[in-house]
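Have a look at the structure below, then the notes.
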Number of protein chains: 2
Amino acid sequence: MKQGELSERKKQILKAVVEAHIDGGEPVGSKYIVQSNLLFCSSATIRNEMAELEELGYLVQPHTSAGRVPSEAGYRFYVDSLVEQYARTTHEVAQINQLLRVKMDEIDQILDMASRLASTMTNYTGIAIKPKANTVTMTRFEIIPMDINNFAIVMITSGGAVKTKKVRTEIAVSDSVLKKLADLLNAQLCGLGADMITLPIIMGIEEEMGEYAFLVNSAVKCVYEVMNEIDGGDMRLTGINNFLKYPEYSDTEKLSELLRTLESRDEILDLVSGSDNDKINVLIGSESSVKVMNNSSLVYIPIKKDGRTLGVIGVIGPRRMNYKQVLKALGDISDNISIIIGDEELSITDGKEKESK
Amino acid sequence: MKQGELSERKKQILKAVVEAHIDGGEPVGSKYIVQSNLLFCSSATIRNEMAELEELGYLVQPHTSAGRVPSEAGYRFYVDSLVEQYARTTHEVAQINQLLRVKMDEIDQILDMASRLASTMTNYTGIAIKPKANTVTMTRFEIIPMDINNFAIVMITSGGAVKTKKVRTEIAVSDSVLKKLADLLNAQLCGLGADMITLPIIMGIEEEMGEYAFLVNSAVKCVYEVMNEIDGGDMRLTGINNFLKYPEYSDTEKLSELLRTLESRDEILDLVSGSDNDKINVLIGSESSVKVMNNSSLVYIPIKKDGRTLGVIGVIGPRRMNYKQVLKALGDISDNISIIIGDEELSITDGKEKESK
DNA sequence: GTTAGCACTTGATATCAGAGAGTGCTAAAA
DNA sequence: TTTTAGCACTCTCTGATATCAAGTGCTAAC
C-alpha cells in the first residue's frame with residue numbers, strides 16, 4: 001500500500017493522533033481518539049487501524065502498553081497532505097505589518113525583528129539567518145574628504161546598499177588626488193566580485209596613482225571589508241526560553257547539545273544556504289543533515305528580492321511542532337517582509353510619503 | 001565583629017569553602033576542608049569556626065545535616081578581599097589581541113566578538129551590550145546624487161562614524177538643489193542632539209528650500225534614524241548552552257525565567273546603562289535589581305573611549321561563579337579592546353600600515 | 001583553645017507492591 | 001468481511017518503606 005492509498009479513515013486517525021500529540025506531548029491511545037473525534041467507531045477498530053498505521057511506519061509505540069506517537073514519516077505525511085490551509089485574518093496581517101515597519105531600515109534589522117515576531121507568534125525559538133553569499137559587487141565609488149588627514153570612501157553596492165569606510169593618512173592628500181582615486185576605482189573595480197579583483201588590477205591602479213599608490217591598498221581593503229560585511233553569514237536566535245516550554249527539552253543533555261550546534265552556527269548556515277527553494281521548507285527530525293536535530297524540527301523560509309536571497313527566517317522546536325500554526329505565521333511574516341522590502345527606500349512625492357500596497 | 005576583623009583562620013576557611021563550592025557545586029563539609037587544605041587543625045575545629053561564620057552570615061546550611069554553602073555576603077567578602085590578583089601571561093594577551101583584531105571594524109562587531117571570547121574563556125554565558133545613550137550629534141553632511149531619482153545622504157557623527165541613507169524622490173532634483181540642501185543641513189543641524197532639532201528649525205530649512213521643501217522632511221527623518229541606530233540599545237548573548245553545564249540551572253523553571261528576563265533585554269539594559277563606573281562590576285545574586293537573578297551573578301565591564309561608554313561586555317553565570325577566572329578574563333579582554341579602539345581607523349604612512357602598540 | 005567520639009538529623013537511593021492506561025487477541029455480532 | 005465487546009497481559013508511574021552515607025552539634029577529655 002502506498003502513501004497516497006491510505007484509506008480516508010486511516011488518514012483521519014493519523015491526523016487525529018498527530019494533532020493530539022502536538023498539543024499534549026504524550027502518546028495518544030485509541031480511547032482518546034474515539035472520544036475527542038468525529039470518528040464513529042469503537043476503540044477496538046481504532047486499535048486495529050493504528051496497528052496497521054504502525055506497520056506502515058507512520059506511528060510508533062514507545063513501549064508495549066503505551067499509546068502511539070507519530071514517527072518522522074507520520075509527521076511528514078501530515079505536513080505534506082493533512083495540514084489544511086487557513087485563511088489569514090486581515091487584522092493579523094495589519095498587525096505584523098505594523099511591527100515590522102518599526103525599523104524598516106536595514107535588512108539585518110528586519111530579519112531580526114521577523115525572527116522575534118516568529119518566536120512570539122509560535123512559542124518556538126525564532127531564527128534569523130543572513131546566509132553566506134558571494135554576489136556583491138560595487139556599482140559606484142565616491143570619496144569624501146573630511147579633513148587634511150582623513151577621508152571617507154562611500155561605496156554603493158549592487159544590492160543598492162550604501163556603505164562607508166573611513167581612512168586616515170599620515171601624509172596630507174589633496175582633493176584632486178582623491179578625485180583621481182575615486183575615478184580609478186569606478187573605472188577598474190565596478191562590477192567585480194571579491195574573487196575578480198586580482199593583483200594585476202590592483203597594481204594597475206597603483207601605477208596610475210604614482211606617488212600616491214599607497215592609498216590604493218587601503219581602498220581595496222575597504223572594498224573587501226564591505227563585501228565581507230554584506231556577504232558574510234550571520235545567525236541569531238530569539239526566544240530560546242521557548243525550548244524550555246516543551247518537555248522534550250527538559251533533558252539537559254539534549255538541549256545543551258542542540259544549543260551548542262546552533263551556536264556554532266556553521267552547520268545551520270550551510271544547511272540553510274544550500275536550499276534556494278522559494279517556498280517554506282520543513283525539516284522534520286533527522287531529515288536535516290545536522291545530527292543533533294533528531295528530535296527537533298526546523299521550518300524556514302527564504303526572504304528574497306529580485307531573485308537574490310537576502311536572508312532566511314524560521315523557527316526551531318520539538319518534532320511535534322504545531323506545523324499548522326508555524327506555517328501560517330511564517331507565511332504571513334514573509335509576505336509582509338516582501339511588501340516592505342519592495343519599497344525599501346523612502347519614496348517621496350511632493351512632501352507626502354507613498355506606500356505601495 | 002566587623003568584616004575586617006575576621007580572624008586569619010576564618011578568612012582562610014571562608015576562602016576554602018567558597019573555592020571548593022565553586023568547583024564542586026555541592027555543600028562543603030568540615031572534613032573536606034581539612035583534607036584538601038593547608039589548615040592544620042581537625043575537622044572539629046573547622047566545624048566550630050564554620051558555625052561562627054554561619055552566625056556572621058557568610059555561610060549557610062541548606063539543611064541540618066549538610067555541609068555549608070557561601071551566602072551572598074560570603075561571595076561578596078570573597079570577591080572584595082580574598083580573591084587574589086593574577087598575573088597575565090603575555091601569551092594570553094597576544095592571543096586575545098589576535099582574535100579581536102579579526103574584525104576591528106565596527107564597535108558592534110568588536111562587542112560581539114568580545115562577548116563570544118569571554119564566554120569561551122570562562123565557560124559562562126557571555127553578554128554584549130550597547131547601552132542606550134543620547135549623545136550623538138552630526139558634524140557634517142554630504143549629499144551624493146546617484147541618479148535622477150535617487151541620492152544618498154552621508155552623515156558624519158560626533159563619534160566619528162560615517163552613516164549613509166538612501167533617498168528616492170519621484171520628482172527629479174538637480175545637483176545644485178542637493179548642494180543647497182547639504183549646505184543648509186550643515187549650517188542648521190550640525191552639533192544638535194536629537195532633542196535639539198525642533199520644529200522651528202526644520203521649518204526654517206523648508207522655507208529656504210522653497211519649492212523643494214519636501215526634501216527636508218526625508219532628510220530629517222534620515223538624521224533621526226541614524227541617531228537612533230547609534231544610540232539605541234542592543235544586547236546579545238553568547239554561549240547560552242554554558243548555563244546548562246551547571247546544575248543550578250537544571251531546574252527548567254529557573255532557567256526559563258532567567259532566559260525570559262535576559263531576552264526581554266530592557267531590564268539588563270537599564271541595569272547596565274546606569275553604572276558608569278570604569279571598573280569591573282560584580283553583581284552577586286540579589287544585589288542586582290533584577291529579581292530573577294537571585295541565583296545568578298553578573299560581572300561586567302564598560303568599554304570606553306574618550307570618556308564615552310561605547311558598550312559593555314560581561315558574563316552571566318551561577319552565583320558560585322569562578323570569580324577569579326572571570327575577573328581576569330574580562331580584564332584582559334577589556335585591555336585589548338582599549339588598545340584596538342585606540343587606533344580604530346586605518347592609519348597609513350607611505351603604503352605601510354602602522355599599528356600602535 | 002583544640003580534639004576525639006558519638007548520637008542525631010536529613011537527603012539520597014533502592015526496592016516493592018499496587019494502580020492505571022493501553023494494547024493485542026479472540027470470539028461474537030452486524 | 002468488518003466491527004465490536006471483553007479479557008488477559010504488559011509496562012510505566014506512584015507512593016511507601018527501609019537503608020545508607022554524610023555531616024553536624026555537643027560533650028568530655030587533652
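- Atom CD in A:E49 sits about 7 Å away from atom P in D:dT3, given to the nearest Å.
- Between B:Y75 and the options B:H21, B:R320, B:R319, a side chain to side chain donor-acceptor pair (under 3.5 Å) holds for only B:H21.
- A salt bridge (charged side-chain N to carboxylate O under 4.0 Å, His left out) with B:E52 is found for exactly one of B:R47, B:K10, B:R9, namely B:K10.
- One finds no side-chain N or O of A:R9 lying less than 4.0 angstrom from the OP1 or OP2 phosphate oxygen of D:dT2.
- Between A:K10 atom NZ and D:dT2 atom P the separation is 10 Å, expressed in whole Å.
- Residues B:S42 and B:P62 both approach DNA chain C. Their nearest nucleotides, taken by heavy-atom distance, put B:S42 toward the 5′ side.
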>> For a quick check, with a 4.0 angstrom heavy-atom cut-off, what is the B/S/- contact string for nucleotides 23-30 of chain D, read 5' to 3'?
In response: SBBB----

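- Distance check: B:T261 OG1 to B:E263 CD gives 10.0 Å after rounding to the nearest 0.5 Å.
- Panel note: side chain B:S71, backbone B:Y58; a donor-acceptor pair is recorded below 3.5 Å.
- Annotation: the span from B:N241 atom CG to A:L262 atom CG amounts to 9.5 Å, rounded to 0.5 Å.
- Between the CD1 atom of B:I240 and the CZ atom of A:R260 there is a distance of 14.0 Å, given to the nearest 0.5 Å.
- Atoms CD1 (B:I13) and C1' (C:dT2) sit 13 Å apart, rounded to a whole Å.
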